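From a predicted model like this one, the values you see are computed outputs, not experimental measurements.
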Amino acid sequence: MARYTGRGVHYQVVQDIGSRIVSGQYAPGDVLDLRALGAELDVSLTVLREALKVLTGKGLVDARQKRGTFVRPRTAWNLLDNDVIDWRIDGGDADRVLRDLADLRSVIEPAVAHRAALRRTDADLEALDAALAAMASAGGDPAAAAEADAAFHRALLTATGNELFARMDLLLEPGLRARDRLVHAHSGADDPVPSHRAVLDGVRDGDAPRAELAMLDLLAKALEDIDTMAARAEHR
């Protein structure tokens with residue numbers, strides 16, 4: 001699910017309650033006292049109920065007659081939702097989010113690179129070239145770097161020629177964007193362009209084994225970035 005992009009009071013209520021749930025301030029099964037919560041947040045019940053509809057869509061809460069609105073178990077949460085990922089990171093769960101993502105990518109993306117090398121079209125190569133150029137020109141802008149990185153991996157999924165692979169951007173992209181925002185915001189982060197260019201070169205040449213190996217190298221580098229971030233956090 002895309003990040004909730006509302007603004008004003010409604011947006012703040014979604015952010016406040018969502019972060020409380022994800023951080024564990026509200027435990028699974030807890031029933032929310034809407035009147036008390038509305039008074040605490042200084043919002044009307046109408047605003048509160050609209051915010052809870054958004055959180056219901058993210059799998060965080062549900063409502064039942066005679067029980068009221070309650071927090072759902074973690075197994076029901078949409079862990080791929082942009083906001084849920086951000087709340088987990090802000091709540092101190094960044095290392096697990098990033099390592100789970102790295103594990104998931106290690107299963108999917110080498111196979112994607114292999115297929116892309118065999119099936120890519122000229123249009124696919126143009127999209128990959130454009131994403132790589134955007135990555136190179138992002139400079140020190142973490143948001144621009146994250147956007148370019150996401151565009152590259154999205155184009156690679158499309159280059160498989162498989163519509164189901166192409167829609168896996170819904171699975172990978174929220175976590176990838178969060179990961180890139182964190183990594184690129186750290187001073188001293190390695191230049192991502194060479195590792196991505198190596199994947200693109202293999203795809204361009206139609207060399208499936210080389211594209212797959214280049215992706216494995218890229219993912220190994222991504223894991224090293226996570227280790228570096230963790231070490232710096234521990235040192236601080």
Side-chain angles (χ1 to χ4, degrees), residues 79-80 82 85-86 88-89 93-118 120 124-125 127-160 165 168-236:
L79 295 177
L80 296 169
N82 285 283
I85 289 171
D86 286 347
R88 289 181 65 196
I89 289 172
D93 204 16
D95 191 67
R96 181 176 179 184
V97 171
L98 297 181
R99 292 188 188 281
D100 282 354
L101 174 65
D103 193 28
L104 178 67
R105 293 178 68 193
S106 73
V107 174
I108 296 171
E109 292 199 277
V112 166
H114 185 106
R115 285 162 175 76
L118 298 176
R120 88 291 184 277
D124 293 326
L125 292 176
L128 288 162
D129 280 328
L132 191 65
M135 198 181 301
S137 63
D141 183 344
E147 176 60 38
D149 203 339
F152 183 93
H153 291 274
R154 188 165 58 244
L156 197 64
L157 288 166
T158 300
T160 63
F165 266 123
M168 291 189 80
D169 64 333
L170 299 173
L171 177 69
L172 294 174
E173 195 164 315
L176 183 61
R177 286 178 180 273
R179 179 257 175 208
D180 286 343
R181 284 195 301 273
L182 286 173
V183 170
H184 294 305
H186 269 260
S187 59
D190 289 340
D191 182 0
V193 172
S195 56
H196 286 76
R197 181 180 290 118
V199 174
L200 176 52
D201 288 344
V203 170
R204 191 191 313 279
D205 293 343
D207 190 334
R210 178 154 61 93
E212 184 174 350
L213 286 173
M215 178 57 74
L216 287 168
D217 287 342
L218 185 157
L219 295 174
K221 177 182 174 298
L223 194 56
E224 288 176 5
D225 290 338
I226 295 171
D227 290 338
T228 299
M229 286 178 53
R232 288 176 177 172
E234 186 176 346
H235 178 72
R236 287 198 301 269

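- Every residue meeting the salt bridge (charged side-chain N to carboxylate O under 4.0 Å, His left out) condition with Asp205, not counting sequence neighbours, appears here in chain and number order: Arg210.
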Using the rule given for salt bridge (Lys or Arg N to Asp or Glu O under 4.0 Å), can you reason through Lys221 versus Asp225, listing the C-alpha separation, both sets of side-chain angles and the distance that settles it, and then say yes or no?
CA-CA 6 Å; Lys221 177 182 174 298; Asp225 290 338; 3.5 Å; yes
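- The two residues Ala211 and Val199 make their nearest non-hydrogen contact at CB-O, 4.2 Å.
- A salt bridge links Asp95 to Arg99: at least one charged side-chain nitrogen sits closer than 4.0 Å to a carboxylate oxygen.
- For the ring-ring contact (aromatic ring centres under 6.0 Å, His included) test, residues two or more places apart in sequence or in another chain that qualify with His153 are His196.
- With sequence neighbours excluded, the residues that form a side-chain contact (heavy atoms from CB on, under 4.5 Å) with Ala131 are Ala151, Phe152.
- Here the side chains of Ile108 and Leu171 are in contact, with some heavy-atom distance below 4.5 Å.
- Looking at Arg105 and Asp100, their side chains never come closer than 4.5 Å, going by heavy atoms from C-beta outward.
- Applying the side-chain contact (heavy atoms from CB on, under 4.5 Å) test to Leu216 and every residue at least two apart in sequence or in another chain returns Pro110, Leu213.
- The CZ atom of Arg179 lies 11.5 Å from the CD1 atom of Ile89; values are rounded to the nearest 0.5 Å.
- When every heavy atom of Ala178 is checked against every heavy atom of Asp86, the shortest pair comes out as CB-OD1, 4.4 Å.
- A heavy-atom distance below 4.5 Å is found between the side chains of Leu200 and Leu125.
- Residues Leu218 and Met215 are in side-chain contact: their nearest non-hydrogen atoms beyond the backbone lie under 4.5 Å apart.
- Residues Pro192 and Ser195 approach most closely at O-OG, 3.1 Å, considering heavy atoms.
- Atoms CD1 and CG, on Ile226 and Leu98 in that order, are 5.0 Å from each other to the nearest 0.5 Å.
- For Asp103, the side-chain contact (heavy atoms from CB on, under 4.5 Å) test picks out Ser106, with sequence neighbours left out.
- Judged as a salt bridge (charged side-chain N to carboxylate O under 4.0 Å, His left out), and not counting sequence neighbours, Asp124 has no contacts.
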Assess the residue pair Leu79 and Arg88 against the criterion (side-chain contact (heavy atoms from CB on, under 4.5 Å)); give the C-alpha distance rounded to whole Å, side-chain angles, the decisive distance to 0.1 Å, and a yes or no.
CA-CA 9 Å; Leu79 295 177; Arg88 289 181 65 196; 4.2 Å; yes
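- Scanning for salt bridge (charged side-chain N to carboxylate O under 4.0 Å, His left out) contacts around Glu212 gives an empty result, with sequence neighbours left out.
- Taking every heavy atom of both residues into account, Pro194 and Asp191 meet most closely at CD-O, 3.4 Å.
- Among residue pairs with one or both ends in residues 195-204, those qualifying as salt bridge (Lys or Arg N to Asp or Glu O under 4.0 Å) are Asp129-Arg204; sequence neighbours excluded.
- Scanning for side-chain contact (heavy atoms from CB on, under 4.5 Å) contacts around Leu118 gives His114, Ala208, with sequence neighbours left out.
- Here the closest non-hydrogen pair linking Val203 and Leu156 is CG2-CD1, 4.0 Å.
- Nearest heavy-atom pair across Leu80 and Ile85 is O-CD1, 3.9 Å.
- Contacts of Glu173 classified as side-chain hydrogen bond (donor to acceptor under 3.5 Å, both in side chains), with partners at least two apart in sequence or in another chain: Arg154, Arg177.
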